[in-house]
There are 2 protein chains.
Amino acid sequence: MNPSVRSLDLLRSSGLRITPQRLAVFESIAGLDHPAVDEIYDHLRHSHPGMSVATVYNTVERLVQEGLVRVIMVEGKRRYDLRLDHHDHLLCQVCHRLEDCPDDCPSAGMTVPQEFLVKGQTWQINQHTVILEGVCPQCMNSQP
Amino acid sequence: MNPSVRSLDLLRSSGLRITPQRLAVFESIAGLDHPAVDEIYDHLRHSHPGMSVATVYNTVERLVQEGLVRVIMVEGKRRYDLRLDHHDHLLCQVCHRLEDCPDDCPSAGMTVPQEFLVKGQTWQINQHTVILEGVCPQCMNSQP
DNA sequence: ATCATTGCAAATGATTTGCATTCGC
DNA sequence: GCGAATGCAAATCATTTGCAATGAT
C-alpha cells in the first residue's frame with residue numbers, strides 16, 4: 001500500500017523527518033484498530049523486514065509528542081489512536097478489542113470541569129478517561 | 001497493629017485460609033491509599049521480614065477473586081481498593097496519588113446500560129472505569 | 001556534513017511461574 | 001496428614017536505554 005498523501009503531509013507538517021519507518025508506523029495506526037506496539041510491529045514484520053521494535057516504540061512516542069496520535073492505556077498496555085478529540089472507548093474483555101464509543105454513548109455528554117473541589121481543596125483536571133468494559137458482539141456470538 | 005476483627009471476619013467469610021501474610025496484605029490495603037503491589041510489599045518489609053513479593057501478588061489476586069478488593073489499572077500498574085461499589089478516581093499526574101472521586105463528581109451520576117448498541121450490534125457492558133487526571137492540591141502548591 | 005534516526009542487544013519494571021518447603025485446617 | 005499457601009529464583013511481557021552505524025536534509 002502506498003503511503004497516502006495525507007500521512008506524508010501530516011508528518012511533514014509536524015517537522016519530523018520523513019523516514020520509511022515513520023510512514024509505515026503512522027499508516028499502521030491508521031489501518032489497524034487501536035493497535036499496541038506489538039501489533040504494529042507484527043503488522044510491519046513482512047513488509048519491513050529489519051524493522052526494530054525499538055523503532056516502533058521510538059516512532060510512536062514521537063508521534064504522540066507531536067500530537068499526531070493519542071495513547072490510551074488499557075490492561076497495562078499502551079494503544080494508539082489517530083482520533084485526537086476526546087472520546088470514550090469500549091473494551092472487549094474477551095478478545096481485547098478496543099473500539100471508539102459512538103457519540104450517543106451514555107458517557108459522551110459528560111463534561112468535566114478544569115478545576116474540581118475535593119475536601120475543600122482544588123484539583124486541576126487535565127483530561128479524563130472513560131472505558132466501558134464488556135463483551136463485543138463477535139465474542140457474544142461465539143461464546144454464549 | 002493488631003489485625004482488626006473485621007479483617008479476620010471478612011477473610012474467614014470468604015473461605016480463604018487465614019495466614020499472617022494474608023491478614024497483613026489485607027490490612028495494608030486498608031491502611032494505605034490505593035496501593036500497588038510494591039507499596040504493599042515495602043510497607044510490610046519491616047513488620048514481616050521474609051515475606052515474598054510473590055506472596056503479595058498471590059494474595060492480592062486471591063482477594064480480588066473472592067471479591068474482597070478491587071483492582072484499578074493505572075499507568076500500567078495494578079492498584080488495590082477496598083471499596084467495592086463503583087466510584088470514579090482522581091489521579092495526580094505528578095505524584096501518582098490515586099483518590100476516590102467524591103459523590104458530587106461530574107461523572108458520578110453517569111449510568112451505563114448493561115447492553116449497548118453500536119453500529120447495529122449489541123455490546124454487553126460489565127463495568128466501566130472513569131479516571132480524571134490532573135494535579136492534586138499538594139502538587140499544585142509545591143510546583144506552580 | 002551534520003545530526004536525527006535506526007537497529008541491536010542489554011537493562012529495567014511489573015507480573016507470572018515452577019517447585020520444593022511449610023503450615024493452616 | 002493433606003492440600004493449599006509460601007518463598008525463592010528464574011521466566012515473561014511491555015517498555016527503555018546505550019551506542020555504533022545509517023540516512024534524511
Side-chain angles (χ1 to χ4, degrees), chain A residues 3 7-26 28-29 34-66 68-69 71-80 96 98, chain B residues 3 7-26 28-29 34-66 68-69 71-80 96 98:
Chain A
S7 299
L8 267 167
D9 281 353
L10 275 169
L11 283 177
R12 240 192 287 277
S13 70
S14 70
L16 288 178
R17 286 194 182 172
I18 312 293
T19 68
Q21 291 89 337
R22 273 186 187 159
L23 224 33
V25 168
F26 188 77
S28 290
I29 300 176
H34 298 88
V37 163
D38 53 352
E39 293 166 272
I40 300 174
Y41 183 58
D42 285 348
H43 181 69
L44 295 176
R45 272 186 159 299
H46 42 290
S47 53
H48 294 71
M51 154 102 61
S52 157
V53 222
T55 299
V56 181
Y57 276 103
N58 265 332
T59 304
V60 125
E61 169 66 16
R62 298 300 322 266
L63 294 176
V64 172
Q65 279 174 19
E66 300 303 327
L68 295 176
V69 312
V71 200
I72 311 134
M73 242 305 179
V74 168
E75 296 174 319
K77 253 171 132 169
R78 283 169 170 68
R79 316 243 324 227
Y80 299 91
H96 309 285
L98 191 65
Chain B
S7 300
L8 266 167
D9 280 353
L10 275 168
L11 284 177
R12 239 192 289 275
S13 69
S14 70
L16 288 179
R17 286 192 181 175
I18 312 294
T19 68
Q21 291 89 336
R22 272 186 187 160
L23 224 33
V25 167
F26 188 78
S28 290
I29 301 176
H34 299 90
V37 164
D38 52 353
E39 295 167 271
I40 300 173
Y41 183 58
D42 284 349
H43 180 70
L44 295 176
R45 274 187 158 299
H46 42 291
S47 55
H48 294 71
M51 151 104 60
S52 158
V53 222
T55 300
V56 180
Y57 275 103
N58 266 333
T59 305
V60 125
E61 169 67 16
R62 297 301 324 260
L63 293 176
V64 172
Q65 279 175 19
E66 299 303 327
L68 295 177
V69 311
V71 200
I72 310 135
M73 242 302 178
V74 168
E75 297 174 317
K77 252 171 131 168
R78 283 169 170 67
R79 315 238 331 224
Y80 300 90
H96 310 286
L98 191 66

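These numbers come from the heavy atoms of this one structure, side chains and all, not from hydrogens, waters or symmetry mates. To find a chain, count down the sequence lines: A is the first, B the second, and so on, and within it residues start at 1.
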Close N or O pairs between protein and nucleotides 11-14 of chain C (under 3.5 Å):
| residue | atom | partner | partner atom | Å |
| --- | --- | --- | --- | --- |
| dA14(C) | OP1 | Lys77(B) | NZ | 3.2 |

Atom pair distance, as rounded to whole Å: [atom1] in [X] and [atom2] in [N]:
X	N	atom1	atom2	answer
Tyr41(A)	dC13(D)	OH	P	15 Å
Tyr80(A)	dA14(D)	OH	C1'	10 Å
Ile40(B)	dT15(C)	CD1	P	10 Å
Gln21(B)	dT22(C)	CD	P	14 Å
Leu63(B)	dT6(D)	CG	P	10 Å
Ile18(A)	dT22(D)	CD1	P	23 Å
His48(A)	dT6(C)	NE2	C1'	13 Å
Leu23(A)	dA24(D)	CG	C1'	13 Å

To the nearest 0.5 Å, what is the distance between [atom1] ([X]) and [atom2] ([Y])?
X	Y	atom1	atom2	answer
Ser14(A)	Leu68(A)	OG	CG	5.0 Å
Phe26(B)	Leu10(B)	CZ	CG	4.5 Å
Tyr80(A)	Glu61(A)	OH	CD	7.0 Å
Lys77(B)	His34(B)	NZ	NE2	14.5 Å

Minimum-distance nucleotide to Thr55(A) side chain [options: dA5(D), dT6(C), dC3(C)]: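 Side chain of Thr55(A) sits closest to dT6(C).
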
Candidate nucleotides dA5(D), dC8(D), dT6(C), ranked by approach to the side chain of Ser52(B) - the nearest: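 The listed nucleotide nearest to Ser52(B)'s side chain is dC8(D).
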
Any side-chain N or O of [X] less than 4.0 Å from the OP1 or OP2 oxygen of [N]?
X	N	value
Arg17(B)	dC23(C)	no
Thr19(B)	dC23(C)	no
Arg62(B)	dA5(D)	yes

Side chains of Ser47(B) and Leu44(B) in contact at under 4.5 Å (non-hydrogen atoms):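 Contact flag for Ser47(B)/Leu44(B) side chains = yes.
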
Any side-chain heavy-atom pair of Glu75(B) and Met73(A) under 4.5 Å: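 No, every pair of side-chain atoms sits at 4.5 Å or beyond.
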
Working for side chain to side chain donor-acceptor pair (under 3.5 Å), residues His48(A) and Gln21(A): CA-CA 8 Å; His48(A) 294 71; Gln21(A) 291 89 337; over 6 Å; no

Pro20(B) or Ala36(B), whichever maps to the more 5' nucleotide of DNA chain C: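 Residue closer to the 5' terminus by nearest nucleotide: Ala36(B).
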
Earlier contact from the 5' end, DNA chain C, for Asn58(B) and Ala54(A):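 Taking each residue's closest nucleotide, the earlier one in sequence belongs to Ala54(A).
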
